[in-house]
Novice: 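Handing you a structure now.
Side chains are part of it too, since the values below use all heavy atoms of this structure and drop only hydrogens, waters and symmetry mates.
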Amino acid sequence: MQKYVKMAKQHRAENALVISSKDIFFDRRVILKCLWGCEYGRQTEATKCGPRGLGFEESREAIGAYQNILLVHNHDDVAMSRMLLKIERQAFLDGHYLAFALRACHVCRNCRVYDQGDCKMPEKIRPCETAFGIDVYKTVRKQGLPCEPLQSKEDEQNRYGFVLID
C-alpha cells in the first residue's frame with residue numbers, strides 16, 4: 001500500500017495515508033447535504049456524482065468490505081480527481097481488480113454537465129463519497145487532518161478523496 005501513498009505524493013498530494021474501512025464514518029445526514037445542500041448535487045443530480053441507485057446500507061456494506069483505503073488530501077479539485085484515477089488504474093494493474101476511487105468528479109476544468117451537456121469522459125466519473133453517506137469531516141479529523149468549513153472564498157480548500165483497494 002505504501003506504493004500508492006508514494007504515488008499520491010509524487011502527484012503533489014498534501015497528505016496520503018492508508019486507513020481501514022473501520023476508520024470511515026458514515027452518517028445518513030451527509031446524504032441530505034449532498035442532495036440538497038451541494039451546488040453540484042442541485043445542478044447535476046446523479047449524472048455527475050450520485051450513487052446511481054446504491055442505498056446507504058448497501059454503500060456502507062460495500063465500502064466496509066475493503067481492507068485498505070487510501071485517503072488523499074490535496075487543495076486542487078482537478079488535480080485530486082486525476083490523481084485518484086491514476087492511482088485506481090495502477091492498483092488495478094497491480095492485481096487489485098476491485099480498486100475504486102471515491103471523489104466528486106472534477107476531471108475537466110470546465111464541466112459540460114453544468115450547462116446541461118453530455119459528459120465528454122463518462123468512463124472517468126466516480127461517485128462522490130458524500131453520496132454514500134461518508135462523513136468526510138469526521139473521518140479526516142480523526143486522522144489528524146484539517147477540515148473546517150470555509151469562512152471566505154479566499155480560504156484554502158482542503159479536498160479529500162479515497163481509493164478503495166483490496
Novice: For a 4.5 angstrom cut-off between non-hydrogen side-chain atoms, does I63 reach F132?
Specialist: yes
Novice: Write down the atom of G161, the atom of L84, and the distance for their closest heavy-atom approach.
Specialist: CA-CD1, 3.6 Å
Novice: Are M7 and L85 connected in a single hydrophobic cluster, I mean Ile/Leu/Val/Met/Phe/Trp/Tyr linked by side-chain heavy atoms less than 4.5 Å apart?
Specialist: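 No: no chain of side-chain contacts under 4.5 Å links L85 to M7.
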Novice: Hey, are the side chains of D23 and K142 touching, using non-hydrogen atoms and a 4.5 Å cut-off?
Specialist: no
Novice: How about I87 and L70: do any of their side-chain heavy atoms sit closer than 4.5 Å?
Specialist: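 The answer is yes, as the side chains (C-beta and beyond) meet within the 4.5 Å cut-off.
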Novice: Has E58 got a side-chain atom pairing as donor or acceptor with G55's backbone, closer than 3.5 angstrom?
Specialist: yes
Novice: Any side-chain heavy-atom pair from H73 and E14 closer than 4.5 angstrom?
Specialist: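 Yes, close enough: below the 4.5 Å cut-off.
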Novice: What heavy-atom pair brings F56 and G133 nearest, and what distance separates the two atoms?
Specialist: CE1-CA, 4.1 Å
Novice: Flag the pair I134 / L102 as yes when at least one side-chain heavy-atom distance between them is below 4.5 Å, and no otherwise.
Specialist: yes
Novice: Any chance you could measure S21, atom OG, to E61, atom CD, to the nearest 0.5 Å?
Specialist: 11.5 Å
Novice: Indicate the atoms forming the closest heavy-atom contact of H11 with M83, along with that distance.
Specialist: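 Shortest heavy-atom separation between H11 and M83 comes out as O-CE, 3.5 Å.
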Novice: Does I69 reach the side chain of V18, with side-chain heavy atoms less than 4.5 Å apart?
Specialist: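 Of all side-chain heavy-atom pairs linking V18 with I69, none is under 4.5 Å.
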Novice: Would Q157 and H75 count as a side chain to side chain contact (heavy atoms under 4.5 Å, CB included) if you check the C-alpha gap in whole Å, the side-chain angles of each, and the deciding distance to 0.1 Å?
Specialist: CA-CA 5 Å; Q157 298 180 2; H75 300 292; 5.7 Å; no
Novice: Can you tell me how far CD of Q67 sits from CE of M1, rounded to the nearest 0.5 angstrom?
Specialist: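 M1 atom CE to Q67 atom CD measures 9.5 Å (nearest 0.5 Å).
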Novice: With the 4.5 Å side-chain cut-off for hydrophobic clustering, are Y160 and L17 part of the same group?
Specialist: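 Yes.
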Novice: Could you pull out the closest heavy-atom pair between N74 and A79, with the gap in Å?
Specialist: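 That closest heavy-atom pairing would be ND2-CB, 3.8 Å.
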Novice: With side chains defined as the heavy atoms from C-beta onward, is the minimum distance between S20 and Y66 less than 4.5 Å?
Specialist: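 Heavy-atom side-chain distance check fails, nothing below 4.5 Å.
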Novice: Output yes when a side-chain donor or acceptor of Q151 lies under 3.5 Å from a complementary backbone atom of P149, and no otherwise.
Specialist: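 Checking the backbone N and O of P149 against the side chain of Q151, a donor-acceptor pair under 3.5 Å is found.
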Novice: Taking atom CZ of R29 and atom OG1 of T130, what is their separation to the nearest 0.5 Å?
Specialist: 14.5 Å
Novice: Give, for atom SG of C147 and atom CZ of R159, the distance between the pair rounded to the nearest 0.5 Å.
Specialist: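 Answer rounded to 0.5 Å: 9.5 Å.
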Novice: At their closest point, which heavy atom of A99 faces which heavy atom of F92, and how far apart are they?
Specialist: CB-N, 4.2 Å
Novice: Got a sec, which pairs hit side-chain hydrogen bond (donor to acceptor under 3.5 Å, both in side chains) with one end in residues 86-97, sequence neighbours left out?
Specialist: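 Matches after skipping sequence neighbours: K3-D94, Y4-D94, E88-R126, Q90-D94.
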Novice: With sequence neighbours excluded, what pairs up with E57 under the salt bridge (charged side-chain N to carboxylate O under 4.0 Å, His left out) test?
Specialist: R28
Novice: I want to check something: taking the side chain as every heavy atom from C-beta on, are V140 and L71 in contact at a cut-off of under 4.5 Å?
Specialist: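 Yes. Closest side-chain heavy atoms under 4.5 Å.
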Novice: Please say yes or no: joined through hydrophobic side-chain contacts below 4.5 Å, possibly via intermediate residues, are F100 and I19 part of one cluster?
Specialist: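 Both belong to a single hydrophobic cluster.
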Novice: Applying salt bridge (charged side-chain N to carboxylate O under 4.0 Å, His left out) to R103 and D77, what does each step give before you reach the verdict?
Specialist: CA-CA 9 Å; R103 173 76 182 112; D77 277 333; 2.4 Å; yes
Novice: Please give me the minimum heavy-atom distance between D135 and T139, naming the atom from each residue.
Specialist: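 Closest approach of D135 to T139: O-OG1, 2.8 Å.
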Novice: Find out if a path of hydrophobic residues (ILVMFWY) with successive side-chain heavy-atom gaps under 4.5 Å connects L164 to I24.
Specialist: yes
